[in-house]
Amino acid sequence: MAEILEKVYDPQRIEAKWYTFWEAQGLFSARADGARPPYCIVIPPPNITGSLHMGHALNNTLQDILIRYQRMAGCDALWMPGTDHAGIATQNVVERMLAKEGTDRHHLGRQAFIERVWRWKAESGGAIINQLKRLGCSCDWSRERFTMDEGLSRAVREVFVRLYEEGLIYKGDYIINWCPRCQTALADLEVEHEPTDGYLYFIKYPLADREGFITVATTRPETLLGDTAVAVNPDDPRYLAYHGASLRLPILGRKIPLITDPHVAPEFGTGALKVTPAHDLHDFEIAQRWHLPAVKALDEEGLMTEAAGKYQGLDRFTCREKILKDLKHDGLLEKMEHHSHAVGHCYRCRAVVEPMISKQWFVAVKTLAEPAIVAVEDGRLKLIPEAWEKSFFDWMTNIRDWCISRQIWWGHRIPAWTCQACGQVIVPRQDPSTCPVCGAADLVQETDVLDTWFSSALWPFSTLGWPDDTPELRLFYPTSVLVTAFDILFFWVARMMMMGLHVMGDVPFREVYIHALVRDPEGQKMSKSKGNIIDPLELMDKYGTDAFRFSLAAFAAMGRDIRLSEERIIGYRNFVNKVWNASRFTLMNLGDYDPGRADALPLSMVESWMVSRLQQVITETVGHLKAYDFDQAAHVLYQFTWHEFCDWYLELLKPELAEGAAPVARHHTQRLLVEVLSAVLRLLHPFMPFITEEIWHKLPGAKESIMTAPYPAADPSLNHPAAEAEMGLVMQSIVAVRNMRAEMNVPPASLVNILMYSQEPAILDKLQSHQRAIRLLARVQDLQFQPEGEPPAAAAKAVVMAPDGGSLDLIMPLTGLIDYKEEARRLNREMDKLSRELAGVQKKLANEDFLAKAPEEVVSREKERLQNLNEKLSKLKSHEKRLKTLLA
RNA sequence: AGGCACGUAGCUCAGGGGGAGAGCACCACCUUGACGCGGUGGGGGUCCGGGGUUCAAAUCCCCGCGUGCCUACCA
């Protein structure tokens, strides 16, 4: 005897139970035995400092849908989970804790500090993992990795050494972005540009060997102290006479050359650019072309150096004020203009970033970028949606060398040693004890650590066991798809592509599905500072995880950002409840059902229709899933489940299941009902894993888990166009009667009589065979079928065109029911609608070009439409005429 | 400055060359033995504006307006 469910689905009770069950049964574990086709997704590893936000929720829901689908579809599906050590972010978190305790990392020392971070990680670094479990993520937790665990650190070491040996990693002086607050270099991507109001200062640089001066424009006058040239565009006519001249640097009096460089834009400012190689990227590049010296005027703490002369030791912003004052005094400040420009800020601490020349480690990225560009060009790696390819190519072709050293402590320490005796730099696979050149034992290791993204770039193969040759690596690399938002496309995805292609010789994933960003209901990006964060955990508490997941999937239309609307989540919560109640109804009618009993009855037309529709829904759902059209998959399942399975199939079934139905027929009905419900549950499982598992276990004959049940596959032999046409006719007829009733204000409780006229015997036959359903669903008492007849004038009338040809008149005698004016109004509304449609079709068919040039099937479809409309309209018109005689 | 999206029902959004769609909201009716987180029926649209291509444009192209995002060294 099947258990009866509660009236309203209560997610809280159910969810934890099944997650525990799945884990205990090992259902998330990939086998990696090669027995089934592999399918693999590596998770974008969340930061250990993180907690689940909307972006994670969407990202991981989509991945889980894919993984659960592929697993049920017969793949050995591996969802590789793990977390990222998040160098700067984590170090900042722990440093803030230390500050509260009144100490700092320098007091602790490097070793103790790192131990402290590990301890913090052990205590609170796993919070997000539990939140992912709440979401239902079916990651293979037995394989969980961490970017700083032993194996991944070995991968980092190996890649670093290899690239160094290949000359693709080098240490050099270069302009980097320096955060004076974090005291570390930042990669270009880690700098956020914010429009800032400031001034453009016009400063006169006197000529050294003749009268006059050249005026330069700058936003950072304090960098003047590091100028080693002034540059103009070689073609700028204003300065032709000055080519080769020398200038006196204001205040310091240093003699600097006037040079020409095509980089200089004549239209900006005065067309003359002060060149500060140590504190500006482009100036640095100009300096390299001209072999100019670099003078460092600013130090790592943002204070002026001794090269700044009397300004030494001043803060950069104080120095700016002083210099302006002095320039004014000397009459060298020509003018100031308001100027708004983008100022770089540290993405971690918001401090103003200072471009600065510095000795750092770099990856020569051009060599690595080229194969990644080619891989996308030739389709070995697909970006979905394709629109991202343009941005990708733009970025990859303009990419600069990647600064990978960070002056922090938490991370992979750069495996480079310098021999104090002979100066030799060693980058070995094993920690060295003596210098291989001179044999000295006095080796000092590099203190910098690697950029966090260096280890993340190896994620697709390091997590699978590389550098060891593991079965997982052989089976699952390249992985199937990477699911991510575009905001880390370049931080992460591009770098994985470069590293994967270089180290593994193949793309890290065949496809990248780039989903939208989740915004608040007003379309704003969610951020702590705006205070518009919506916590996914709260929504899960409120509406249940299944409803939340289904909503995210339904929101995930490609190429458009998501505005999270709680109202829509409520809508999908209702859908989840609908699924629950449809199952409840089913189970309530299975009391006497014996799944083992044979059933030789053929499918009824209703059943054939349902089965046929199911095949189409399966095809559509699978198609949408394969194309990453999550919203469409969700929509198809929603419409089918609610408006076909529940609204029609279950309603049509009720009489078959009622008391007094023949046991054999009843059993047959039950069997198909269970089958269809089972398919619906399996189709929905990837979207709503918890409720489907709960119901699954209550279905007769169900065993194990819905996770191990096969995903429905469409069987084309079950398509049944005739059943669909027949049921289409029946449903249209029922709707037409309901419509007349409602428009005539016939109370739902009272029964009506209906006459059905048709010249087509087949139509009447079909309807006759469904008369019990029609009576029940349209609430009809006396139902008569006739080829034609003299219907009473006092009647409401509707015309239905059968999907496979022929027409049907539905007549509802009104005697004693209501006044005829109402019916006349209803008819006029209906006829208006038809006339408008008819006019459009007539216009089209009157066009000779249309007849001549449009495809034949389009023309014949329009002709058929015209005929149908005409027929329907004339029938309604004649009825209206007769009705009018009654009114007169 | 450049690039990329987007503008469809009151709201949130699908669709994407041949009959304007969904959900919510709205109106009317309904204690129908699965479900009121429900049922039945209904109203509602110059598909931003203007040109063009086409037999046919909400859909493709161009221009404009509006919105959002990304990139950039304009000192």
Side-chain angles (χ1 to χ4, degrees), chain A residues 4-5 7-9 193 200-201 216-220 223 231 263-265 267-276 280-283 285 339 341-342 344 355 385 387-388 390-391 394-395 398 486-487 490 517 519 521 523-525 543 547 554-555 557 559-565 567-568 570-589 629 631-632 635 638-639 643 646-647 650-651 654 658 734-735 738-743 745-749 776-779 829 837 840-841 844 847-855 857-859 861-862 865 869:
Chain A
I4 303 304
L5 309 179
K7 241 181 168 177
V8 173
Y9 173 60
H193 292 273
L200 192 57
Y201 304 94
V216 302
T218 180
T219 54
R220 294 188 301 160
T223 62
H263 160 74
V264 181
E267 65 281 2
F268 186 86
T270 61
L273 165 74
K274 60 190 271 314
V275 180
T276 322
D280 184 277
L281 174 62
H282 292 278
D283 294 3
E285 286 173 349
H339 183 66
H341 63 133
W388 286 105
K390 188 173 157 40
S391 309
D394 283 353
W395 194 77
N398 295 319
F486 66 82
D487 53 348
F490 301 127
L517 243 40
R519 300 176 182 280
Q524 301 284 309
K525 214 167 173 170
Y543 304 110
F555 286 139
R560 186 201 274 262
D561 285 346
I562 294 169
R563 291 190 195 200
L564 198 73
S565 127
E567 280 165 14
R568 265 182 86 180
I570 292 172
Y572 293 121
R573 188 271 318 263
N574 296 350
F575 176 54
V576 170
N577 194 52
K578 189 76 179 176
V579 171
W580 181 256
N581 274 292
S583 307
R584 181 169 182 259
F585 169 80
T586 303
L587 294 171
M588 286 169 76
N589 283 287
D629 288 326
D631 64 319
Q632 310 224 42
H635 184 250
Y638 180 99
Q639 292 298 327
H643 297 306
C646 291
D647 288 353
L650 293 185
E651 292 304 325
K654 281 179 179 172
I734 292 170
V735 169
R738 283 170 173 172
N739 176 289
M740 286 190 284
R741 293 178 52 111
E743 300 279 311
N745 294 316
V746 179
L776 192 76
L777 297 183
R779 304 208 40 81
R829 269 203 306 275
E837 217 179 320
V841 179
K844 223 179 234 188
N847 184 341
E848 278 175 36
D849 283 330
F850 173 73
L851 296 174
K853 293 183 182 170
E857 77 254 25
V858 173
V859 177
R861 193 163 62 229
E862 292 300 318
R865 241 179 101 199
L869 286 168

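Residue numbering restarts at 1 for every chain, and letters A, B, ... go by the order of the sequence lines.
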Within the structure shown, what part of the strands sits under 4.0 Å from A/L273 by heavy-atom distance: base, sugar-phosphate, or nothing?
base
Any base atoms under 4.0 Å from A/K7, or only sugar-phosphate, or nothing? Heavy atoms, all strands.
sugar-phosphate
So what does A/Y638 hit on the nucleic acid, given a heavy-atom distance under 4.0 Å: a base, only sugar-phosphate, or nothing?
sugar-phosphate
Can you tell me which nucleotide in B/rG23, B/rG19, B/rA34 comes closest to the side chain of A/E862?
B/rG19
With a 3.5 Å cut-off and just heavy-atom distances, do the side chain of A/K654 and the base of B/rA34 make a donor-acceptor pair?
yes
Consider the side chain of A/L650, meaning its heavy atoms from C-beta on, and name the nucleotide among B/rA34, B/rC35, B/rG41 that approaches it most closely.
B/rA34
From the list B/rA22, B/rC35, B/rG42, which nucleotide is the closest neighbour of the side chain of A/E743?
B/rG42
Could you measure between the two C1' atoms, the one in B/rC37 and the one in B/rC47, and give it in whole Å?
32 Å
Is it the case that the side chain of A/R568 and the backbone of A/F555 share a donor-acceptor pair, with hydrogens and angles ignored and the cut-off at 3.5 Å?
no
Who is the Watson-Crick or G-U wobble partner of B/rG21, with both distances under 3.5 Å?
B/rC13
How far does the P atom of B/rC11 sit from the matching atom of B/rC4, given to the nearest Å?
29 Å
Partner of B/rC35 under the Watson-Crick or G-U wobble criteria, both distances under 3.5 Å, comes out as none
Given the C1' atoms of B/rU59 and B/rG15, what is the spacing between them in whole Å?
9 Å
Picking from B/rG3, B/rC55, B/rA34, the nucleotide nearest the side-chain atoms of A/K853 would be B/rC55
A/N581 side chain to A/N577 backbone, donor-acceptor under 3.5 Å:
yes
Output the single nucleotide from B/rA22, B/rG39, B/rG19 whose closest atom is nearest the side chain of A/K578.
B/rG39
Have a look at A/E651 and say if it touches a base, only the backbone sugar-phosphate, or nothing, with a 4.0 Å heavy-atom cut-off.
base
Complementary nucleotide for B/rG3 - Watson-Crick or wobble, under 3.5 Å:
B/rC69
With a 3.5 Å cut-off and just heavy-atom distances, do the side chain of A/R573 and the base of B/rC37 make a donor-acceptor pair?
yes
